[in-house]
A.B. asks: 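I am attaching a structure below and will ask some questions about it afterwards.
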Amino acid sequence: MRNFQDIDLMLWNSFMGKAYSVSDCFKENGIGVLVRACKNEGFNIIVEDPARIDFYTTFTKNDLTPRLSELSTHIFGKGDIENTVSMRREWNHLQDNLTKIIKEKMENYLEGLAQKISKNKVKVLGIKTWLGDRFAYSEKLAKRVSELCPNTLIIAGGPQVNQFKTHALEKSPFDFCIDVEGETTLTKIIHITREMYSRGRTKSEVIKRITELAEAGEIFNLIYKDGNGTVKETAIKRLSLNLKPFPLYEKEDGKVNIAVINESSGCYYGKCNFCTHPNITGRYQARDINITLAEIKKTIREMGVGLFRFAGSTTPVSLSSRIADAITKEGLTLEYSMFVRAENGARERIDELIETYERIIRSGLRAVFLGTEVVNNEILSKTMSKGNSVDDIYFTIKAIKQASYNQRKHLDVGVSFIYPCPIPSGSGITHEQVLEENLCFLRKLKSENYMPDSVLITPAAPLPATVWQIEPRRFGFNMPEDYLQTILRYEYELTKDPSMWPELNISLHGMKFMDMLKMAGFMEKKVREMGYTVNVSDEHCLAARSAGFVGQMGLEEFKIKSDLALLTTNYGFLRDVYQKINDYSRKLAEKNFSSTNKIFFAEEKLHDNKACCYHRPRNISP
């Protein structure tokens, strides 16, 4: 039994009592980077990461799952309409009961976790926060830890803090939040906490000292409350991607072996009115290709992982092509996915783009996702500030698909739409017109054999710090004063019909949120009728193909069965899929261990200590 006494830091990956997405169980890059940084500082840390299929299966086990699984085949299949209505009522009733069961399980889990923190006198609790219920449960854990362990400093970070900034602390029981990245800020806080506790100081004195450093501008990326209780944030300071430590993973961690690679950060365009990425990532950074390649090789060699997801908000083709050339030159075997942006002047550059994407596909690219948003140049320009034309989007999709045909290697292309969306004032454009233009675009691509593999449709939403949120009335949005606090904790109840979701008191051009959801659902229905698979992201396409699901029918089967697993908490399908992905990822990695590459990897290992020194963050004393 491991001794958890004298723990400097516990990192908890928040969860909602059940799986939220297929990618929940993928390798946890953000926590891995923090673990590496903290280990480099000599801290004693433990990680509580429930996002593992074995944990989910055991935790969610309940008597309702068999009946939910039975109902799902009728409700989401092609059953009799009258019976389906009756079954839907039973489904909703059982889902309400399941919610109560999961809530009780979570209350017991959080109590047990808080007791564990108290027993082991954890100095700092770091919480990776996510949206909706996961944020709400993070708050509940923080409250209970404060009651049981008054000396444990509680710090929240992760995607939800990165997006909502100071709003994440305004009404939450956390002591501090760390914005953007925590490699430097968190380690500095732990040094301060350890040093002050060793001298018998109290938590309130630690908080006061950290707040003084924040007020003096001597600590970065920190969200805190001043002496008057006003929430503030210190200046943001990001490490260069070239200096960030590689993530530290446990080899047998029960995770899905798809690893994240930070080949770039942010978006090289970064001017879309609806996008929150610039608020999170700051200015665009491209990582040194040699360092990206070193991390890929290290992950292949040490973890036996051959599947990767590039994490950049938008990886430009100029960067991805150079990474691809480096992968090919090294003779590496891997497969990966990434998010891309339509290329300006794509019509005129189509031959160049096809040739470039052929090289990228040869290096292992197997899935991309691209933001289409809307097929109307006036909206793209005036209300979205997209920086692309419809032509750019169409010919980029065409180039990527043609490149895959030329290479005889399937490449999944996903596209996303925002519908309904803000319409320029006085333009005379209607939502019905927008819908038809979107559908015509997809019909054209299908008829010309350039059909995207997945279509994602979401209604417009003014996300924090976007132009849409800062100037809502200019774009036709109406929002209550507590809007950000509401969506900070808003849970999209995917198990229920959207008409039964909690009301979100916003509107677009006078349309209520529920009406917006219905319009998005109507477009989704039309897109499905055209033969498209909907709502499968690039990394989920990569997962499906790695698990052996082939063609459009295979992707559709993967989507349906994984959705039903998430909705019913019957995770047998996901368990099998994850095993197949891990087997495939391992076999890809093993292909790199030819007689030639064995020598290469052995030479690489000799230089590991030097590489670790290069990536080690500076030791910052309080």
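Along the sequence shown, residues carry numbers from 1.
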A.B. asks: Among pairs that include at least one residue of residues 478-489, which meet side chain to side chain donor-acceptor pair (under 3.5 Å), considering only residues two or more places apart or in two chains?
C.D. replies: Glu139-Arg489, Glu170-Gln485, Arg473-Asn478, Gln485-Arg489
A.B. asks: Any idea which heavy atoms bring Gly270 and Pro278 closest together, and the distance?
C.D. replies: O-CG, 3.7 Å
A.B. asks: Have Tyr224 and Asp175 got a donor and an acceptor in their side chains that come within less than 3.5 Å?
C.D. replies: no
A.B. asks: Using 4.0 Å as the upper bound for N to carboxylate O, is an ion pair formed by Arg201 and Glu195?
C.D. replies: no
A.B. asks: So how far is it from Phe573 CZ to Ile53 CD1, rounded to the nearest 0.5 Å?
C.D. replies: 11.0 Å
A.B. asks: For Glu28 and Tyr249, does a side-chain donor sit closer than 3.5 Å to a side-chain acceptor?
C.D. replies: no
A.B. asks: Would a distance-only check, ignoring hydrogens and angles, find a side-chain to backbone donor-acceptor pair under 3.5 Å from Asn62 to Leu64?
C.D. replies: yes
A.B. asks: Measure the shortest side-chain to side-chain distance between Ile210 and Leu153 over non-hydrogen atoms and say whether it is less than 4.5 angstrom.
C.D. replies: yes
A.B. asks: Are any non-hydrogen side-chain atoms of Asn570 and Leu68 less than 4.5 angstrom apart?
C.D. replies: no
A.B. asks: List the steps, then state whether side chain to side chain contact (heavy atoms under 4.5 Å, CB included) holds for Lys105 with Ile101.
C.D. replies: CA-CA 6 Å; Lys105 286 175 178 283; Ile101 292 171; 3.7 Å; yes
A.B. asks: Tell me the side chain to side chain donor-acceptor pair (under 3.5 Å) pairs involving residues 143-159, sequence neighbours left out?
C.D. replies: Glu111-Arg144, Lys143-Glu147, Arg144-Glu147
A.B. asks: Ser264 vs Leu319, test: side chain to side chain contact (heavy atoms under 4.5 Å, CB included). Steps then yes/no.
C.D. replies: CA-CA 9 Å; Ser264 63; Leu319 175 62; 3.8 Å; yes
A.B. asks: Please report the closest heavy-atom contact between Asp8 and Ile190, naming both atoms and the distance.
C.D. replies: CB-CG2, 4.1 Å
A.B. asks: Check Thr281 against Ser313 and note the closest heavy-atom contact, atom names and distance.
C.D. replies: CG2-OG, 4.2 Å
A.B. asks: Between Glu263 and Thr315, is there a side-chain donor-acceptor contact under 3.5 Å, judged purely by atom types and distance?
C.D. replies: yes
A.B. asks: Quick one: does any side-chain atom of Ser172 pair with a main-chain N or O of Phe174 as donor and acceptor, under 3.5 Å?
C.D. replies: no
A.B. asks: Any side-chain to backbone donor/acceptor pair from Ser585 onto Asn257? Under 3.5 Å, distance only.
C.D. replies: yes
A.B. asks: Decide, yes or no, whether a salt bridge links Asp6 with Lys123 under the criterion of side-chain N to carboxylate O below 4.0 Å.
C.D. replies: yes
A.B. asks: Any side-chain to backbone donor/acceptor pair from Ser320 onto Pro316? Under 3.5 Å, distance only.
C.D. replies: yes
A.B. asks: Could you report the tightest heavy-atom contact between Tyr197 and Thr202, atom names first, then the distance?
C.D. replies: CE2-C, 3.9 Å
A.B. asks: Verify the distance criterion only: is there a donor paired with an acceptor across the side chains of Ser138 and Thr129 at less than 3.5 Å?
C.D. replies: no
A.B. asks: How close do Ala367 and Cys541 get, counting heavy atoms only, and between which atoms?
C.D. replies: CB-CB, 4.1 Å
A.B. asks: Taking the side chain as everything from C-beta on, heavy atoms only, tell me whether Tyr20 gets closer than 4.5 Å to Asp133.
C.D. replies: no
A.B. asks: Would you say the side chains of Lys237 and Asn221 form a donor-acceptor pair under 3.5 Å?
C.D. replies: no
A.B. asks: Verify, without hydrogens or angle tests, whether Asn290 (side chain) and Leu293 (backbone) share a donor-acceptor contact under 3.5 angstrom.
C.D. replies: no
A.B. asks: Are Phe246 and Val33 packed together at the side-chain level, in the sense that at least one heavy-atom pair is separated by less than 4.5 angstrom?
C.D. replies: no
A.B. asks: Please report whether the ring centroid of Trp468 lies less than 6.0 Å from that of Phe477.
C.D. replies: yes
A.B. asks: Can we say Asp54 and Arg575 salt-bridge, meaning some charged N sits less than 4.0 Å from an Asp/Glu carboxylate O?
C.D. replies: yes
A.B. asks: Given Glu302 and Lys251, is the salt bridge (charged side-chain N to carboxylate O under 4.0 Å, His left out) satisfied, shown in steps?
C.D. replies: CA-CA 8 Å; Glu302 296 185 358; Lys251 191 161 188 177; over 6 Å; no
A.B. asks: Is it true that atom CG of Asp63 has more than 12 heavy atoms of other residues, nucleotides or ligands lying nearer than 6.0 Å?
C.D. replies: no
A.B. asks: For Thr187 and Cys38, indicate whether the former's side chain and the latter's backbone hold a donor-acceptor pair under 3.5 Å.
C.D. replies: no
A.B. asks: Does a salt bridge link Asp49 with Lys255, judged by any charged N lying under 4.0 Å from a carboxylate O?
C.D. replies: yes
A.B. asks: Can you label the angle between the Tyr336 ring and the Phe310 ring as parallel, tilted or perpendicular, going by 30° and 60°?
C.D. replies: parallel
A.B. asks: For Phe26, does its backbone N or O pair with a side-chain atom of Ser23 as donor and acceptor, under 3.5 Å?
C.D. replies: no
A.B. asks: Does the gap between the ring centers of Tyr109 and Phe15 come in under 6.0 Å?
C.D. replies: yes
A.B. asks: Once salt bridge (Lys or Arg N to Asp or Glu O under 4.0 Å) is applied, do any residues pair with Lys225, and if so which ones, sequence neighbours excluded?
C.D. replies: none
A.B. asks: For a 4.5 angstrom cut-off between non-hydrogen side-chain atoms, does Leu11 reach Val35?
C.D. replies: yes
A.B. asks: Step by step, would you call Lys244 with Glu183 a salt bridge (charged side-chain N to carboxylate O under 4.0 Å, His left out)?
C.D. replies: CA-CA 8 Å; Lys244 288 177 76 71; Glu183 296 93 307; 2.3 Å; yes
A.B. asks: First locate atom OG1 of Thr99, then atom CD of Glu104, and finally report the distance between them rounded to the nearest 0.5 Å.
C.D. replies: 13.0 Å
A.B. asks: Flag the pair Phe164 / Ile487 as yes when at least one side-chain heavy-atom distance between them is below 4.5 Å, and no otherwise.
C.D. replies: yes
A.B. asks: How far does CD1 of Ile154 sit from CH2 of Trp12, to the nearest 0.5 angstrom?
C.D. replies: 11.5 Å
A.B. asks: For the pair Thr211 (side chain) and Ile207 (backbone), establish whether a donor and an acceptor sit closer than 3.5 Å, ignoring hydrogens and angles.
C.D. replies: yes
A.B. asks: Going by an N to O cut-off under 4.0 Å, is there a salt bridge joining Glu205 and Arg209?
C.D. replies: no
A.B. asks: If you apply the rule side chain to side chain contact (heavy atoms under 4.5 Å, CB included), what do you find for Ile155 with Ile127, and how did you get there?
C.D. replies: CA-CA 6 Å; Ile155 302 174; Ile127 303 175; over 6 Å; no
A.B. asks: Give the minimum heavy-atom separation between Ser14 and Trp130, together with the two atoms involved.
C.D. replies: OG-CD1, 3.3 Å
A.B. asks: Could you go through Asp253 and Val47, starting from their C-alpha distance and side-chain angles, then the distance that decides it, and tell me whether this counts as side chain to side chain contact (heavy atoms under 4.5 Å, CB included)?
C.D. replies: CA-CA 11 Å; Asp253 57 4; Val47 176; over 6 Å; no
A.B. asks: Salt bridge (charged side-chain N to carboxylate O under 4.0 Å, His left out) for Arg287 and Glu295? Distances and angles first, verdict last.
C.D. replies: CA-CA 11 Å; Arg287 193 191 203 184; Glu295 182 178 356; 2.7 Å; yes
A.B. asks: Closer than 3.5 angstrom, by distance alone: can the side chain of Asn120 be matched with the main-chain N or O of Ile117 as a donor-acceptor pair?
C.D. replies: no
A.B. asks: Quick check for you: to the nearest 0.5 Å, what is the distance between Lys18 atom NZ and Thr60 atom OG1?
C.D. replies: 9.5 Å
A.B. asks: Got a second to check how far Lys165's NZ is from Leu169's CG, nearest 0.5 Å?
C.D. replies: 13.5 Å
A.B. asks: When you measure from the side chain of Thr466 to the backbone N and O of Leu463, does any donor-acceptor pair fall under 3.5 Å?
C.D. replies: yes
A.B. asks: Check the pair Glu491, Arg134 against salt bridge (charged side-chain N to carboxylate O under 4.0 Å, His left out), reporting the backbone distance first and the verdict last.
C.D. replies: CA-CA 9 Å; Glu491 182 64 38; Arg134 287 175 287 181; 5.9 Å; no
A.B. asks: Working to the nearest 0.5 angstrom, can you tell me the gap between Ile31 CD1 and Arg36 CZ?
C.D. replies: 15.0 Å
